[in-house]
Amino acid sequence: MRTLFENSKQMPLAEKLRPQTLDDFIGQEHILGKDKILRRIIDSDRIIPMIFWGPPGSGKTTLAKIIANKTKSDFEFFSAVTSGIADVRKIIDQAKNELKISGKRTILFVDEIHRFNKSQQDAFLPSVEHGTIILIGATTENPSFEVNAPLLSRARVFHFRELTIDEIEILISRSIKKINQNPKSYFPFIPTNSKITITKEAVQLIIKKSEGDARDAYNAIELAIVSSGVSQKIVIDRKLAEEAIQQKFIRYDKEADGHYDAISALHKSLRSSDVDAALHYLARMLEAGEDPLYIIRRLIRFSAEDIGIADPNALILAVSCQQAVHFVGMPESNDIIAELVIYLAKAPKSRAVDSAYAKAKDDILNNRLDPIPLEIRNAPTKLMKDFGFGKGYQAYTKKSRLPKNLIGKKYWQNKTLPK
């Protein structure tokens with residue numbers, strides 16, 4: 001079994017405290033709870049190729065190792081960041097020999113599988129198809145976009161969620177208890193009989209700052225203990241926890257799911273006229289470094305799509321906001337964008353414009369296009385007038401100008417949505 005760290009002294013606390021059994025595993029009850037599908041797969045020892053998709057610190061690597069232990073399979077850790085196709089072939093050859101000689105299966109755990117491009121991912125296909133390896137890929141990115149279709153069709157995707165507040169609290173409590181059982185095995189520099197305690201305030205701070213990431217919580221505890229110095233009594237209080245966890249890191253990848261999830265949440269909050277939620281998602285994006293002009297482009301679209309004629313000033317204000325932000329720049333423009341967001345959230349909503357255009361577009365794409373009526377065609381020459389172009393045209397009339405086969409068609413219905 002290949003491990004991440006050859007020397008146990010080099011292991012971070014998160015690795016040393018990694019659960020070894022399903023009973024010790026925290027979180028993911030929606031797939032690992034009693035009678036849930038992944039639990040049944042593991043208990044029946046019928047491991048299939050899988051993709052673990054979820055945020056950092058949610059237990060993807062830990063669960064893969066537990067599966068290998070429980071099924072008595074060889075476990076090969078493979079990083080798509082630091083390794084290449086040659087390494088894949090080497091592991092596959094070893095897996096073939098192991099399967100042939102001892103009948104022992106090999107679980108190939110591919111961390112950050114999305115870092116392999118789709119053609120590189122093809123290298124796994126024959127071995128997965130023939131059962132030479134059991135592939136478990138881990139990714140923080142949406143497999144629908146980052147894992148190629150043939151590999152995805154052969155694997156079952158399991159979605160991991162951030163750990164809950166209660167789960168992180170259990171994790172912290174257990175970690176302190178384990179460390180106190182044998183402190184020197186975790187921290188060789190402290191006395192054997194050292195006692196570590198953590199205050200409720202420190203626990204709550206770590207829970208809040210780690211945002212469902214077990215590794216972040218472990219790292220905060222480790223740094224707090226290390227920075228406390230050599231002592232027989234170490235107390236992790238709020239001040240020490242603040243120093244250990246430092247500034248909160250906002251997880252937000254401008255080219256990945258977080259980016260699209262946040263802008264979607266902003267858009268839907270505006271539709272619901274939820275001012276507070278809209279401001280929350282705006283701040284979430286801006287403080288994470290999102291391009292403000294990207295946000296405004298979406299807000300301009302929202303002004304036409306979801307407000308439209310119900311308040312035409314919304315579009316004017318949105319375009320003015322774009323000009324102001326371009327002129328002032330960040331971070332001074334945060335209030336400018338916030339003002340627009342508040343206005344759009346409170347404005348009356350109507351999708352009449354969007355709906356009307358969608359109906360017109362549908363006819364263009366799916367119905368026969370009758371000729372444009374002669375009377376409303378352009379007639380710049382005598383020849384065209386002789387052929388009847390523009391003949392009988394009256395500027396102000398209620399007569400339908402639609403093509404003959406669409407006369408009577410109604411696209412526009414001006415309705416304001418209820419708040």
Side-chain angles (χ1 to χ4, degrees), residues 1-28 55-66 68-69 75 77 79 81-82 109 111-112 138 162-249 251:
M1 179 182 290
R2 184 181 300 179
T3 61
L4 286 167
F5 300 92
E6 298 300 329
N7 187 340
S8 62
K9 290 183 179 180
Q10 298 174 351
M11 287 185 185
L13 183 64
E15 183 66 22
K16 293 177 180 178
L17 291 173
R18 194 183 293 278
Q20 301 300 312
T21 67
L22 279 176
D23 291 336
D24 291 334
F25 188 85
I26 301 293
Q28 315 312 325
S58 55
K60 300 185 293 295
T61 303
T62 297
L63 185 58
K65 288 190 171 186
I66 289 173
N69 291 335
F75 182 85
F77 179 90
S79 172
V81 177
T82 59
F109 178 75
D111 194 27
E112 306 284 353
E162 294 91 346
L163 270 61
T164 66
I165 291 173
D166 290 341
E167 288 165 348
I168 292 287
E169 189 169 3
I170 292 171
L171 179 149
I172 293 172
S173 176
R174 285 187 182 180
S175 66
I176 297 296
K177 185 176 179 180
K178 284 185 178 181
I179 295 168
N180 279 327
Q181 288 172 353
N182 189 0
K184 209 165 184 62
S185 66
Y186 294 97
F187 300 96
F189 62 88
I190 64 177
T192 304
N193 59 348
S194 292
K195 178 73 173 177
I196 299 165
T197 58
I198 185 168
T199 66
K200 289 182 180 180
E201 293 79 9
V203 170
Q204 293 307 311
L205 180 67
I206 293 173
I207 289 173
K208 183 171 70 173
K209 293 293 185 75
S210 60
E211 290 191 335
D213 186 330
R215 191 181 298 109
D216 272 2
Y218 283 137
N219 290 344
I221 292 170
E222 180 175 26
L223 187 54
I225 294 172
V226 170
S227 62
S228 64
V230 179
S231 175
Q232 287 188 337
K233 187 176 181 181
I234 298 173
V235 178
I236 304 175
D237 56 16
R238 181 180 177 86
K239 182 180 179 182
L240 188 56
E242 284 178 343
E243 293 173 352
I245 205 161
Q246 299 177 339
Q247 185 175 353
K248 181 177 176 180
F249 172 68
R251 291 191 186 88

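A 4.5 Å side-chain heavy-atom check between Lys16 and Tyr218 finds every atom pair outside the cut-off. Between Glu112 and Ser79 the shortest side-chain heavy-atom distance does not fall below 4.5 Å. Using a 4.5 Å heavy-atom threshold, the side chains of Glu201 and Gln204 count as separate. Ser227 has its side chain within reach of Leu240: a pair of non-hydrogen atoms, C-beta onward, lies under 4.5 Å apart.
For Arg238, the salt bridge (Lys or Arg N to Asp or Glu O under 4.0 Å) partners at least two apart in sequence or on another chain are Glu242. Annotation: side-chain contact (heavy atoms from CB on, under 4.5 Å) contacts of Ala202 (sequence neighbours excluded): Ile198, Thr199, Ile236, Ala241. Listed by chain and residue number, nothing satisfies the side-chain hydrogen bond (donor to acceptor under 3.5 Å, both in side chains) test with Asn180 (two or more places apart in sequence, or in another chain). Checked against side-chain contact (heavy atoms from CB on, under 4.5 Å), Leu22 has the following partners two or more places apart in sequence or in another chain: Leu32, Arg39, Ile42, Asp43, Leu63, Ile66, Lys70. Residues passing the side-chain hydrogen bond (donor to acceptor under 3.5 Å, both in side chains) test with Asp23: none are found, sequence neighbours excluded.
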Would you give me the side-chain donor-acceptor pairs under 3.5 Å for residues 162-172, sequence neighbours excluded?
from   : atom 1 : to     : atom 2 : distance (Å)
Thr164 : OG1    : Glu167 : N      : 3.2
Thr164 : OG1    : Glu167 : OE1    : 3.4
Glu167 : OE1    : Thr164 : N      : 2.9

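The two residues Phe109 and Ala64 make their nearest non-hydrogen contact at CD1-CB, 3.3 Å. The two residues Ala244 and Ala220 have their closest heavy-atom pair at CB-O, 3.3 Å. A pairwise comparison of heavy atoms in Thr61 and Phe77 identifies CG2-CE1, 4.2 Å as the closest pair. Taking both residues in full, the closest heavy atoms of Ser210 and Ala217 are given as CB-N, 3.9 Å, listed atom of the first, atom of the second, then distance.
Distance CD1/Ile225 to CD1/Ile196: 3.5 Å, rounded to 0.5 Å. To the nearest 0.5 angstrom, Lys65 atom NZ is 4.0 Å from Glu15 atom CD. Going from atom OG of Ser58 over to atom CZ of Arg215 covers 8.5 Å, rounded to the nearest 0.5 Å. The CG atom of Leu17 sits 8.0 Å away from atom CD1 of Ile221, with the distance rounded to the nearest 0.5 Å. For the atom pair Asn219 CG and Leu13 CG, the distance stands at 8.0 Å (nearest 0.5 Å). For the atom pair Asp24 CG and Arg174 CZ, the distance stands at 6.0 Å (nearest 0.5 Å).
Taking the six-membered ring where tryptophan is involved, the planes of Phe189 and Phe187 are perpendicular, since the angle between them exceeds 60° and thus also 30°.
With hydrogens and angles disregarded, a donor-acceptor distance shorter than 3.5 Å links the side chain of Gln20 to the backbone of Arg18. At least one donor-acceptor pair under 3.5 Å links the side chain of Lys60 to the backbone N or O of Pro55.
Counting heavy-atom neighbours within 6.0 Å of Lys184 NZ, excluding the residue itself, gives a total above 12.
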